[in-house]
Amino acid sequence: MSNLFPKSANKLPLQILVFLGLTVGIVSAGITYYATPKYTRVGYAPDQPVPFSHALHAGQLGMDCRYCHSNVEKSGYANVPTAQTCMNCHNQIKTDSPLLAPVRESYASGNPVPWVKIHEAPDYVYFNHAVHVARGVSCVECHGQINEMEVVHHAKPLSMGWCLDCHREPEKVLRDPALVTNLDWKHPEGEKGQIEQGKKFVHDWNVQPPQSCSGCHR
């Protein structure tokens with residue numbers, strides 16, 4: 001009785017395993033490379049219930065970031081301003097603007113304005129705002145040139161590799177904490193001056209950003 005399958009069929013299980021292995025490898029590599037904040041969140045700019053312009057408030061009017069985000073120097077989280085904060089000005093300015101109706105309603109009812117969060121670390125990542133701000137890491141290092149944004153968008157990757165680059169060379173971003181909210185500040189001596197001053201801060205403040213897994217994954 002002749003064989004039902006040709007001899008070449010004996011290689012079929014091995015070929016299937018190789019094919020599956022290559023497929024899984026390619027898919028895994030693609031997900032690892034592309035399914036990161038650099039590709040999935042950079043540029044993200046959701047519609048907000050109130051069209052708040054950072055370019056106007058922080059840029060043109062020169063409002064300090066800490067007026068609205070009042071807890072960034074002492075809390076692990078950057079708080080979103082309450083309607084009361086907004087109404088401190090808008091009970092006198094543009095009091096009848098229909099664009100500000102959600103703020104007035106929030107102020108009257110006590111219910112928060114339903115802002116859409118833009119910058120959000122995964123649940124498995126520990127990040128403390130106060131630690132970074134207190135050691136001279138400016139808002140622009142993580143959020144981009146926020147004072148020029150008419151509509152806030154996700155400007156930096158905030159990926160693990162991106163964070164580690166900063167943890168390995170903190171001297172590139174550290175500045176006098178008094179200048180943290182001066183979003184246009186650049187070291188007057190350029191990159192060389194920044195590095196020299198940053199290294200001094202690293203030494204004087206004993207800055208040792210964690211690079212181990214447990215530093216950010218607790």
Could you go through the side chain to side chain contact (heavy atoms under 4.5 Å, CB included) check for Ser214 and Tyr126 one step at a time?
-> CA-CA 9 Å; Ser214 60; Tyr126 173 78; over 6 Å; no

Residues which pass side-chain contact (heavy atoms from CB on, under 4.5 Å) with Asn71, listed by chain and number, not counting sequence neighbours = Lys74, Ser75, Asn79

Taking side-chain contact (heavy atoms from CB on, under 4.5 Å) as the test, write out the residues that go with Ala55, two or more places apart.
-> Ser53, Glu150

Residues that, via side-chain heavy atoms closer than 4.5 angstrom, fall in one hydrophobic cluster with Phe127 | none

Using modelled atom types and a 3.5 Å cut-off, is there a donor and acceptor pairing between side-chain atoms of [X] and backbone atoms of [Y]?
X: Thr85; Y: Pro81; value: no
X: Glu73; Y: Val133; value: no
X: Ser106; Y: Asn111; value: yes
X: Thr95; Y: Asn91; value: no
X: Arg175; Y: Leu179; value: yes
X: His167; Y: Pro210; value: yes

So, are Glu189 and Lys192 salt-bridged, with charged N and O less than 4.0 Å apart?
-> no

Spacing of [atom1] belonging to [X] relative to [atom2] belonging to [Y], to within rounding of 0.5 Å:
X: Ser138; Y: His132; atom1: OG; atom2: NE2; answer: 12.5 Å
X: Leu56; Y: Met63; atom1: CG; atom2: CE; answer: 9.0 Å
X: Arg135; Y: Leu174; atom1: CZ; atom2: CG; answer: 9.0 Å
X: Arg41; Y: Leu158; atom1: CZ; atom2: CG; answer: 8.5 Å
X: Phe201; Y: Gln197; atom1: CZ; atom2: CD; answer: 4.0 Å
X: Leu164; Y: Cys216; atom1: CG; atom2: SG; answer: 7.0 Å

Take Val152 and Gln48 through the side chain to side chain contact (heavy atoms under 4.5 Å, CB included) test and state the conclusion after the steps.
-> CA-CA 10 Å; Val152 173; Gln48 299 287 0; over 6 Å; no

Is there a side-chain contact between [X] and [Y] (heavy atoms, below 4.5 Å)?
X: Gln208; Y: Asn206; answer: yes
X: Val103; Y: Met87; answer: yes
X: Asp165; Y: Glu169; answer: no

Using a 3.5 Å cut-off and no angle test, enumerate the donor-acceptor pairs between side-chain atoms of residues 115-125 and protein atoms at least two apart in sequence or in another chain.
{"from": "His119", "atom 1": "NE2", "to": "His143", "atom 2": "ND1", "distance (Å)": "3.3"}

Determine whether more than 12 heavy atoms belonging to other residues, nucleotides or ligands lie under 6.0 Å from atom NZ of Lys156.
-> yes

Taking atom CE of Met160 as the centre, report whether more than 12 heavy atoms of other residues, nucleotides or ligands fall under 6.0 Å from it.
-> no

Phe19 and side chain to side chain contact (heavy atoms under 4.5 Å, CB included): which partner among Ile16, Thr23, Leu22?
-> Thr23

Restricting to pairs with a member in residues 203-218, which pass salt bridge (charged side-chain N to carboxylate O under 4.0 Å, His left out), not counting sequence neighbours?
-> Lys200-Asp204

Any pair counted as ring pair (Phe, Tyr, Trp, His ring centres under 6.0 Å), so long as it reaches residues 55-114, sequence neighbours left out | Phe52-His57

Are [X] and [Y] connected, step by step, through hydrophobic side chains (Ile, Leu, Val, Met, Phe, Trp, Tyr) whose heavy atoms are closer than 4.5 Å?
X: Val202; Y: Trp205; answer: yes
X: Val80; Y: Val113; answer: yes
X: Ile146; Y: Tyr44; answer: yes

Would you check if there is a donor-acceptor pair between the side chains of Thr181 and Asp64 at a distance under 3.5 Å?
-> yes

Step-by-step side chain to side chain contact (heavy atoms under 4.5 Å, CB included) determination, Val72 to Cys65 = CA-CA 9 Å; Val72 294; Cys65 306; over 6 Å; no

